[in-house]
Amino acid sequence: MKVLVCVSKTPDTTTKITFSGDNKSVNYDGVKFIINPYDEHALAKAMELKEKQGAEITIINMGTADSDQIIRKCFAVGADKGIRIDAEPMSGMQVAMAIASVVKDENFDVILTGRESIDYNGGMVGELLGEMLDIASVSYCSKMDIDGTNVTMTRFIDGGEETLVAQLPVVVSAVKELGEPRIPNMRGIMQARSKKIEVIANTAESDSVVENYEAPASKAACHYIDASEAEKLIEILHNEKKLF
Amino acid sequence: MAVLVYIENWEGQFKKQTKELITYASDTANAMGTELIGLSIGNVEDSAIEALGAYGLNKVLTVKGDAFASFKAKTYACAISTAVEHSGADAIVMGNTYNGKSMGPRLAASIDASIVTGAISLPDVSNGFLVKKTVFSNKGFAMVNLTNAKKVITLNVNAYKVEEKSGSVSIEDISSSVSAGNDVSITNVEKQTGKIPLTEAELVVSAGRGLKGTENWGMIEELADLIGAGTACSKPVSDVGWRPHSEHVGQTGITISPNLYIAVGISGAIQHLAGVSSSKVICVINKDPEAPFFSAADYGIVGDAFEVVPKLIEAVKSLS
């Protein structure tokens with residue numbers, strides 16, 4: 001079984017996001033980068049497939065050399081191979097097109113990705129790959145079991161969950177329930193050093209471009225209500241704001 | 001040229017978000033100087049579709065039949081691409097629901113369209129085709145220019161105001177021209193009953209570690225029930241299993257923008273704020289006056305949750 005995990009590099013979740021003076025770019029000075037948290041759940045599921053079904057795990061990322069640290073962390077967790085498409089990604093569409101062109105003849109059985117990246121919140125790469133590679137796709141997947149070529153998956157729907165069955169190959173985007181992130185062990189960290197990252201030039205173009213950014217409007221000062229008069233909050237929300 | 005709006009249904013019914021979506025699509029069509037066409041997939045009564053004329057929708061294509069009875073990403077994306085061809089649409093708008101997130105990208109790839117997900121503003125067509133969306137999980141916004149000839153937009157829930165218009169709806173069935181590809185079969189559907197899904201709740205009552213234990217959530221649920229709100233929680237609370245993961249709002253959970261967010265015993269870590277900061281009114285109840293959440297709040301009460309929340313419950317009860 002061949003498993004592909006698509007990972008991206010995102011700012012650490014504690015990062016305070018600021019933009020350049022002309023709002024044309026994000027200030028990344030001093031920002032610590034991590035594997036996109038949702039991609040860690042995808043990798044965890046891949047590790048389960050490796051342990052139970054002997055899957056070989058390939059990591060793919062679109063990014064500049066800064067992304068190598070992310071791919072190496074995946075090696076340390078237990079991934080076998082790494083591919084980096086050498087360009088700063090501009091959109092989910094471009095990432096999916098780039099990945100599809102690299103893997104279209106590789107016959108991966110399972111392609112995993114996180115449900116979205118926590119920077120651009122596109123949440124589209126998995127489904128785009130499904131269409132581009134003409135295979136079944138399930139997003140917001142919380143559970144996946146493979147039996148022969150049958151794949152049973154559970155996905156989120158509005159107000160509940162739905163179980164679907166498809167045939168391999170499939171592409172799945174992970175929510176956190178799909179797998180508990182793994183922590184690299186010493187053996188993994190040692191092995192990661194000798195694994196090579198294959199670097200491929202990018203040929204995919206973007207379907208869109210971010211023209212500028214905007215910081216959220218700053219809030220007016222908090223209106224405090226004394227705890228002894230807590231009922232006043234309900235009066236304001238009901239009478240003044242008419243929220244209920 | 002046309003704007004095509006996919007009007008998703010839930011067991012044959014439409015929701016408030018359908019009206020938001022139609023208003024948005026109608027205003028988009030006006031901005032582009034073109035007509036608006038709706039598309040309904042699945043088995044919906046004509047009368048339900050006709051009722052949508054009140055929001056600016058005058059022409060609707062329908063795709064019906066057993067093959068379309070329940071949502072499947074590939075099947076529905078095929079149906080929409082047929083409708084795009086049929087109507088000559090160059091902008092396709094749908095809700096950023098689980099189904100929209102699932103089929104929007106498939107559609108975009110199949111018709112070579114640009115795509116933006118989670119849009120929160122009308123396209124600015126004065127110089128390009130710019131759509132505003134939240135990025136960094138609500139820590140900022142980006143204006144994205146969609147450069148392909150065709151564009152797919154998924155609109156966030158509760159991001160656009162419903163406007164009543166007048167008009168009637170003409171319906172054209174195009175089922176026979178859709179060849180439905182399919183690659184999955186649905187074997188089971190489980191829905192929570194009697195609870196408002198967090199993703200569409202207009203009012204939300206949320207609680208954090210300050211509540212000390214899962215046994216203390218009774219008052220949170222009672223307050224939520226009384227005002228018709230959904231319930232949510234912070235990440236530490238779902239991590240320790242006091243509440244289900246589906247209630248976790250924040251950067252790595254669900255991002256919401258309800259009209260009211262009441263946070264009880266949540267300090268307001270940056271990751272939590274990211275998920276809720278676009279709520280229209282934020283109320284914070286915390287015994288620590290230094291809790292960072294107060295700086296993001298419209299209303300704040302510094303006090304013990306176990307004293308304040310029962311007072312709020314009594315105050316709501318005395319309203320009626």
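Note that the coordinates shown come from a computational prediction; the quantities given were computed from them, not determined experimentally. Quick note on labels: first sequence line is chain A, next is B, and so on, each numbered from 1.
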Select, from [options], the one with the greatest count of heavy-atom pairs under 4.5 Å involving chain B.
options	value
Ala100(A), Ala136(A), Ala96(A)	Ala136(A)
Arg115(A), Met132(A), Glu116(A)	Arg115(A)
Thr10(A), Asn239(A), Thr15(A)	Thr15(A)
Ser173(A), Gly122(A), Gly123(A), Pro11(A)	Gly122(A)
Leu164(A), Ile225(A), Asp226(A), Asn121(A)	Asn121(A)
Ala166(A), Ser91(A), Pro216(A)	Pro216(A)

Need one label for [X]: side chain, backbone, both or neither, based on atoms under 4.5 Å from any heavy atom in chain A.
X	result
Ile186(B)	both
Leu130(B)	side chain
Thr154(B)	neither
Lys151(B)	neither
Lys132(B)	side chain
Ala108(B)	both
Asn138(B)	backbone
Lys101(B)	both

Item to check | Glu190(B), CD: over 12 other non-hydrogen atoms inside 6.0 angstrom | outcome: no
Item to check | Exceeds 12 heavy-atom contacts within 6.0 angstrom, atom CD of Glu205(A) | outcome: no
Which one of [options] has the most heavy-atom pairs closer than 4.5 Å to chain A?
options	value
Pro197(B), Ala315(B), Ser70(B), Ser114(B)	Ser114(B)
Asn182(B), Ile270(B), Asn188(B)	Asn188(B)
Gly303(B), Ala109(B), Ala73(B)	Ala109(B)
Leu260(B), Val308(B), Leu146(B)	Leu260(B)
Lys133(B), Lys191(B), Gln271(B), Lys280(B)	Gln271(B)
Thr134(B), Asn259(B), Ile313(B), Leu203(B)	Leu203(B)

Next on the checklist: Is there a side-chain contact between Ser137(A) and Val172(A) in this structure, where contact means two heavy atoms from C-beta onward sitting under 4.5 Å apart?
Outcome noted: no
Between [X] and [Y], is any side-chain donor less than 3.5 angstrom from a side-chain acceptor?
X	Y	result
Glu202(B)	Asn158(B)	no
Ser117(A)	Asp119(A)	yes
Gln251(B)	Thr13(A)	no
Glu161(A)	Thr154(A)	no
Ser25(A)	Ser20(A)	yes

Side chain / backbone / both / neither for [X] at chain B, heavy atoms under 4.5 Å:
X	answer
Lys232(A)	neither
Glu235(A)	neither
Val170(A)	neither
Tyr140(A)	side chain
Met93(A)	side chain
Leu128(A)	both
Leu129(A)	neither
Ser206(A)	backbone

Would you please classify the geometry between the [Y] ring and the [X] ring as parallel, tilted or perpendicular, with 30° and 60° separating the classes?
X	Y	answer
Tyr98(B)	Phe156(A)	perpendicular
His238(A)	Phe244(A)	tilted
Tyr120(A)	Phe136(B)	tilted

Next on the checklist: For Glu214(A) and Asn23(A): C-alpha separation, side-chain torsions, deciding distance, then whether side-chain hydrogen bond (donor to acceptor under 3.5 Å, both in side chains) applies.
Outcome noted: CA-CA 7 Å; Glu214(A) 196 181 305; Asn23(A) 280 327; over 6 Å; no
Next on the checklist: Using only atom types and a distance under 3.5 Å, with no angle test, would you say the side chain of His41(A) pairs donor to acceptor with the backbone of Gly179(A)?
Outcome noted: yes
Checklist entry - For Ile115(B), does its backbone N or O pair with a side-chain atom of Asp207(A) as donor and acceptor, under 3.5 Å? => result yes
Item to check | Within the 6.0 Å centroid threshold, strictly below: Tyr299(B) and Tyr224(A) | outcome: no
Checklist entry - Which atom pair, heavy atoms only, marks the closest approach of Val131(B) to Ser121(B)? => result CG1-O, 3.9 Å
